[in-house]
**Student:** 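Okay, here's the structure, questions in a sec.
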Number of protein chains: 2
Amino acid sequence: MEKCLINIEDIQFLLQTLGGKWKLHILTNLYFGKKRFKELEREIDGISPKMLIKELKELEAAGIVHRQTFNTVPITVEYSLTENGLTLKPLLEQMKNWAEIFRKKIAEHKGNS
Amino acid sequence: MEKCLINIEDIQFLLQTLGGKWKLHILTNLYFGKKRFKELEREIDGISPKMLIKELKELEAAGIVHRQTFNTVPITVEYSLTENGLTLKPLLEQMKNWAEIFRKKIAEHKGNS
DNA sequence: CTGGATCCTTTAAGATACTG
DNA sequence: CAGTATCTTAAAGGATCCAG
């Protein structure tokens, strides 16, 4: 059998890891490099510090995001993708591409109908 | 600029379209062809008819899944991926591949530490 | 600046029984 | 068989204030 049914556990795992309202949002924000907490808070429209720290912690626990603190005054913290997190890049791109194309098709279809 | 920041609207759209506990589960079940309501209910472990019909309706509204009824007695209904739905296949595969590899890495890491 | 803690509202989901 | 309806619970998320 060349290709078994897609493993449900993998799907569940992915949903758990990347699910939630803000995780993909955060990841796309870290796509091109590290950001400080406040930068993320500013750039992710509508997120509260509580949700931001919660999602960051989960991503950190999953080994996708790295957290580095600096003993400045006041304290600074930088978040970035880990090696493992970087492997998400092609996936993020494909997700974006699919969504882009799909939305375009919907728009066309509405025009035709 | 070769590549702008990944569009947030696309990400949101994807999460809305594919989010929820069962949608990816359903899609992987329709991956290789059409299925009847009851078949889906049986093969998706733990789903209730309420959730199944709800997710199916949303996928149908999104233009990803096609619903065809047959006037048999009792009535039969077949669900399948639409043309648009089929474009999800490579994405589903890449999601699965990423999850598979990533989980393997985690397992290794735990072994080392 | 980077969070933690608390309270509150909303939404998602589960259980179960029922209908054409 | 293919769904509906209703009720209840669990989880996600938002708002706000506070502390190192």
Side-chain angles (χ1 to χ4, degrees), chain A residues 8-9 11-30 33-62 64-81, chain B residues 8-9 11-30 33-62 64-81:
Chain A
I8 288 312
E9 292 180 13
I11 296 291
Q12 300 282 33
F13 174 80
L14 185 139
L15 276 179
Q16 257 202 325
T17 312
L18 268 37
K21 191 172 176 184
W22 302 106
K23 288 209 185 65
L24 287 179
H25 213 128
I26 291 172
L27 292 176
T28 60
N29 253 279
L30 295 176
K34 45 187 157 190
K35 294 259 178 81
R36 288 186 307 121
F37 187 88
K38 199 65 182 181
E39 291 181 279
L40 288 171
E41 193 182 348
R42 261 194 300 267
E43 291 176 25
I44 300 177
D45 196 45
I47 198 170
S48 68
K50 168 193 158 186
M51 288 310 293
L52 182 53
I53 192 63
K54 183 197 155 216
E55 302 280 62
L56 281 170
K57 272 186 179 170
E58 289 176 16
L59 290 170
E60 196 191 350
I64 290 174
V65 157
H66 175 68
R67 175 178 182 272
Q68 186 171 13
T69 59
F70 298 91
N71 266 334
T72 52
V73 179
I75 192 172
T76 335
V77 181
E78 277 178 2
Y79 291 92
S80 55
L81 296 178
Chain B
I8 288 312
E9 292 181 13
I11 296 291
Q12 300 282 33
F13 174 79
L14 185 139
L15 277 180
Q16 256 200 324
T17 311
L18 268 36
K21 191 173 178 183
W22 302 105
K23 289 208 184 68
L24 288 178
H25 213 128
I26 292 172
L27 292 175
T28 61
N29 252 280
L30 295 176
K34 45 188 158 191
K35 293 258 178 79
R36 288 185 305 122
F37 186 86
K38 199 65 181 180
E39 292 182 279
L40 288 171
E41 193 182 349
R42 260 193 302 266
E43 291 176 25
I44 301 177
D45 196 45
I47 197 168
S48 68
K50 169 192 154 187
M51 287 310 292
L52 180 53
I53 192 65
K54 182 197 156 215
E55 303 281 61
L56 280 170
K57 273 185 179 170
E58 289 175 17
L59 289 170
E60 195 192 350
I64 290 173
V65 157
H66 176 66
R67 175 179 183 274
Q68 185 171 15
T69 60
F70 298 91
N71 267 334
T72 53
V73 179
I75 191 171
T76 335
V77 181
E78 277 178 3
Y79 290 92
S80 55
L81 297 178

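The analysis underlying the following values was restricted to heavy atoms, covering all of them including side chains, and did not include hydrogens, waters or symmetry mates. Every chain is numbered from 1 and lettered A, B, ... according to where its sequence line falls, protein lines coming before strand lines.
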**Student:** Specify the separation, in whole Å, of atom CE of A:Met51 and atom C1' of D:dA12.
**Tutor:** 7 Å
**Student:** To the nearest Å, how far apart are B:Leu40 CG and D:dA2 P?
**Tutor:** 9 Å
**Student:** Of A:Ile75 and A:Lys21, whose nearest nucleotide on DNA chain D comes first from the 5' end?
**Tutor:** A:Lys21
**Student:** Please check: side-chain N/O of A:Glu78 versus main-chain N/O of A:Lys34, any donor-acceptor pairing under 3.5 Å?
**Tutor:** no
**Student:** Can you tell me which residue among A:Ile26, A:Val65, A:Asn29 is in a side chain to side chain contact (heavy atoms under 4.5 Å, CB included) with A:Tyr79?
**Tutor:** A:Val65
**Student:** Establish, with yes or no, whether the OP1 or OP2 oxygen of D:dG3 is under 4.0 angstrom from a side-chain nitrogen or oxygen of B:Tyr79.
**Tutor:** yes
**Student:** Take atom CG of B:Asn71 and atom P of D:dG3, then tell me their distance rounded to the nearest Å.
**Tutor:** 13 Å
**Student:** Assign B:Ser48 to base, sugar-phosphate, or nothing according to its heavy-atom contacts below 4.0 angstrom with the strands shown.
**Tutor:** nothing
**Student:** Would you say CD of A:Gln16 has more than 12 non-hydrogen atoms from neighbouring residues, nucleotides or ligands within 6.0 angstrom?
**Tutor:** no
**Student:** Atom CG of A:Leu52 to atom C1' of D:dG14: distance rounded to whole Å?
**Tutor:** 14 Å
**Student:** Would you say B:Arg42 places a side-chain N or O within less than 4.0 Å of OP1 or OP2 belonging to D:dA2?
**Tutor:** no
**Student:** So which heavy atom on B:Leu52 is nearest to which on B:Phe37, and how close?
**Tutor:** CD2-O, 3.7 Å
**Student:** Identify the 5'-most and 3'-most nucleotides of DNA chain C with at least one atom closer than 4.0 Å to a non-hydrogen atom of chain B.
**Tutor:** C:dA13 to C:dA15
**Student:** Whole Å only: how far is the CD atom of A:Glu41 from the P atom of D:dA15?
**Tutor:** 13 Å
**Student:** Under 4.0 Å, heavy atoms only, any strand: does B:Gly46 hit a base, just the sugar-phosphate, or nothing?
**Tutor:** nothing
**Student:** For A:Ile53 and A:Lys50, find the nucleotide of DNA chain C closest to each by heavy atoms; which residue's nucleotide sits nearer the 5' end?
**Tutor:** A:Ile53
**Student:** Between B:Ile75 and B:Phe70, which heavy-atom pair has the shortest distance, and what is it?
**Tutor:** CG1-O, 3.4 Å
**Student:** With a 4.0 Å cut-off on N to O distance, would you call A:Glu41 and A:Lys38 a salt bridge?
**Tutor:** yes
**Student:** Quick check: does any side chain N or O of A:Lys23 sit under 3.5 Å from a backbone N or O of A:Gly19, one acting as donor and the other as acceptor?
**Tutor:** yes
**Student:** Using whole Å, report how far CD1 of A:Ile47 lies from P of D:dG14.
**Tutor:** 8 Å
**Student:** Whole angstroms only, please: what is the NZ-C1' distance between B:Lys57 and D:dA2?
**Tutor:** 11 Å
**Student:** What is the distance, to the nearest angstrom, from the CD atom on A:Glu55 to the P atom on D:dA12?
**Tutor:** 9 Å
